[in-house]
Number of protein chains: 2
Amino acid sequence: MKFESQPSYSLGQRTPASREVAAGENGGNVTLVSQSALGAINRGRVLQALYDNGPKSRADLARLAGVNRTTITGIVQPMIEDQLLVEGDASPSDVKGGKPARPLYFNPDAPMLGAVLLLPGTIQTCLVALTGEIKAVTKAEFDTHGDTEAFIAVMTETLTATLSQAQQAPFGIGVASAGMIDSDNGTILTVNLAPVLTGLPLVAILQERFSLPVVIDHHPRALLVGDRWFGPGRGQQNFAAVYTGEVLGGAFFIDGKVYRGLAGSGGELGHSVVQIDGALCNCGKHGCWETVAALPWLRKEAARLSFPHPKSVTCARLVKEADEGSKAAEELLDRYTRNVAFGIVNLQQTLSLNSYVLHGDVAGGGMKAAELIRQHVEQLVVKRPGQEISITVNGIGEGHTALRGAAGLVLSSHLKLVI
Amino acid sequence: MKFESQPSYSLGQRTPASREVAAGENGGNVTLVSQSALGAINRGRVLQALYDNGPKSRADLARLAGVNRTTITGIVQPMIEDQLLVEGDASPSDVKGGKPARPLYFNPDAPMLGAVLLLPGTIQTCLVALTGEIKAVTKAEFDTHGDTEAFIAVMTETLTATLSQAQQAPFGIGVASAGMIDSDNGTILTVNLAPVLTGLPLVAILQERFSLPVVIDHHPRALLVGDRWFGPGRGQQNFAAVYTGEVLGGAFFIDGKVYRGLAGSGGELGHSVVQIDGALCNCGKHGCWETVAALPWLRKEAARLSFPHPKSVTCARLVKEADEGSKAAEELLDRYTRNVAFGIVNLQQTLSLNSYVLHGDVAGGGMKAAELIRQHVEQLVVKRPGQEISITVNGIGEGHTALRGAAGLVLSSHLKLVI
DNA sequence: TAAGTTTGTGCGAGGTACAAACTAACTGCT
DNA sequence: AGCAGTTAGTTTGTACCTCGCACAAACTTA
């Protein structure tokens, strides 16, 4: 038998540009699941189930995962011997009769996670326990326009100061960085305000110096991962993290994994259009979400409405002033949260994730801001029956969420839940 | 050792509504991969690689998938014995020397796929070969407000007429339906213009009558799947299908699988907002994408601009008139395609899928409309270096794309690429 | 004290992928 | 013509994983 050289491909017509792209990415990414990978995957899933659900007995885990009890024993036993997990006291089972279950959980003395937050001009490093507890914070500054060697020296020194306080070698080091990051290759592409970082292969550098697994991702995605492991996104399979401040950004957790997009470029929500031919944006286009829901808009409106000190207006301040009875603050807060809501509405109409965690300025507005946004979203979205939309804030300050997120990056890559 | 009863959960604050949701979906969806599942998964992936890349030898497949040649032999040999695959003539290898490779591909006489397109008042059924070829089309009409039994009778009769023309039992039956579909449970939730279908457990019914695997999904998602298996999305891992017409909708293929969202509710793009406080939409909100990029807008504008027969204006007609030299048609076409582009821009900013397949009215405009939309998108999107955006049309008429999509649903579920 | 229930652990069975070694088939050089 | 070199596909044995069964341990209830 003889086949035609090509299968009957294009039933549709293509524009010339599309053909090149399609030819480029054709095929290559077919991967089979190897036997050994399977074990690693299942081990990771058991650990995640344990992490998400708290201490659980082997039998509970087996029921949760729908597998045989013996399988769970086979998976956890080596981990207990490795002192990653510990067996708790036999707690009287809640059902009547039977041998009491021995809950398993992470050893409090298990290795910690190294975390780095890299912002223009400043480095923060710390250790994060599996409970989310932050220890050994070290801060340093660097010359944003200086010498690469100098930056690496500062980075190494800072990280060494933190890591030396660990009782035992951490699982790995996670880096959350501002700017454009190529997380696949572990390099920093560009950071607007810190040219010294441009093109830096940070993962390779740190891996060599510290002989530990190193992962890097950009700031919004770290926030998402922080939420997933240590924050309101814990145990959830679908949610989005939304960052508002000087700019807007987002990241998604879809079907149990972080969405990274092609070349790690998903989530640039700030420049989605909510007002065709609207106000001019920094990016050169018109009507971007960022033009109506970020801090510059808020300051401009505050100035227009003759607020005192309009340059220092924030969501937190508006909430406070509204609580103190200011009608003007309440109205502006309402408009601000409504504008923020539009971006979330578009996200909801597109992906239906149903759950959103807010960071940055609006998170400073606490539950009141979240509730206002939720109400606006409910009004503006086409609801399906039984659908409930959740808006949560994660307002832990001082970049702690981002540091936890950096640590979470290590967990995510360590447990490799993706096949 | 004693654990606290709960892990240290909420580091963030929650609005009351969110807590309920989180409690509801907590944990349950942890699943391990069983050994036997692994085999099925890998078999599916080999088949898909073969399908996407055309005839390939065992050795090629092994290289493509990064596995041992013996593994491929183990997988394909039973399929050859089952006559699903056939071995082609030994083609002289392109490299010098060595035993020539024997390409494998699907047996032209392999079973076909049953496909059903269900629209208000009409049923279309057909057989689809693995090449995408459509055979044995049967059409029927039904009373949209009639009796359920009567509908089932018509459906059974139509499908029987089609299936009886198959040489051998098809792999399964795929149903693409208008309206809201619960694809998990295989029931039709509601179809606006056909109340008789409300709540119908169609999958269960057809499964029982025909003793074949049956899958159902809604129309836009079927278009997507049709593109993936038989159209311009073939072999791609990330793309979106966008439908424009009386309404707007979309569906996404993300990281090699169909995105279904929670309760199958993703892709309701028509009601994402592109014009805050814009024109009133059918849904009761303002400024939805649908108000500026669907046919009702086009007709309204055509009437305003005194086009002849404004009620019958379509993208195809605009393209034709513009080609014939009409400035007015060219200008309206430009505005129309720009408005369509805004929705794609927002999708691109959100998910960065980079590849879009158009269906419905704009697809009627062919490559010219696609190219116009592509240009608008390029102008309106914040581009990353090296990023190329592809806009393709799939304008096969008479619902053939949807029928192929229905067939594709069977393939997708048959090959079960998801873990 | 006996019966019943639940937890956790050996052990063998079945299935899967991989590595090594082999045969088959073709090219190129002498 | 003959031999070395190369590639394709197969056979055989090994390692790994999950499952089902049987069983001991530990607790409750009557």
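Residue numbers begin at 1 in each chain, while the letters A, B, ... track the order of the sequences.
Proximity of B:Phe106 to B:Leu84: side-chain heavy atoms (C-beta onward) are separated by under 4.5 Å at one or more points.
The main-chain N or O of B:Gly233 is never found under 3.5 Å from a side-chain atom of B:Asp227 such that the two would form a donor-acceptor pair.
Proximity note for B:Ala101 (side chain, C-beta onward) versus D:dG9, C:dT7, C:dA17: the nearest is D:dG9. Picking from C:dA19, C:dA17, C:dG8 the nucleotide with the shortest atom distance to the side chain of A:Ala59 gives C:dG8. You'll find that the side chain of B:Thr70 is closest to C:dA20, out of C:dT7, C:dA20, D:dC17. With distances taken from any side-chain atom of A:Asn42 to the nucleotides D:dT18, D:dT10, C:dC18, the minimum falls on D:dT18. Checked against D:dG20, C:dT16, C:dG8, the side chain of A:Ser57 finds its nearest nucleotide in C:dG8. Side-chain proximity of A:Ile75 to the nucleotides C:dA19, D:dT10, D:dT18 is greatest for D:dT18. Taking the side chain of B:Pro100 as heavy atoms from C-beta on, and the options C:dG8, C:dC26, C:dA19, the nearest nucleotide is C:dC26.
Contacts of A:Phe239 classified as ring pair (Phe, Tyr, Trp, His ring centres under 6.0 Å), with partners at least two apart in sequence or in another chain: A:Phe253.
Going from atom CZ of A:Arg102 over to atom P of C:dT6 covers 18 Å, rounded to whole Å. Between the CG atom of B:Asp89 and the P atom of C:dC26 there is a distance of 12 Å, given to the nearest Å. Residue A:Leu85 contributes atom CG, which lies 16 Å from atom C1' of C:dG8 at whole-angstrom precision. Taking atom CD on A:Gln77 and atom P on D:dC17, their separation rounds to 15 Å, with Å as the unit. Computed from coordinates, the A:Arg43 CZ to D:dC17 C1' distance equals 10 Å when rounded to whole Å. Distance A:Glu87 CD to C:dT7 P: 14 Å, rounded to the nearest Å.
Note on B:Arg260 versus B:Asp217: salt bridge recorded, some NZ/NE/NH1/NH2 to OD/OE distance being below 4.0 Å. Salt-bridge annotation for B:Asp52 and B:Arg228: present, with a side-chain N of the basic residue lying under 4.0 Å from a carboxylate O of the acidic one.
One cannot find a donor-acceptor pair under 3.5 Å joining the base of C:dG8 and the side-chain atoms of A:Arg58.
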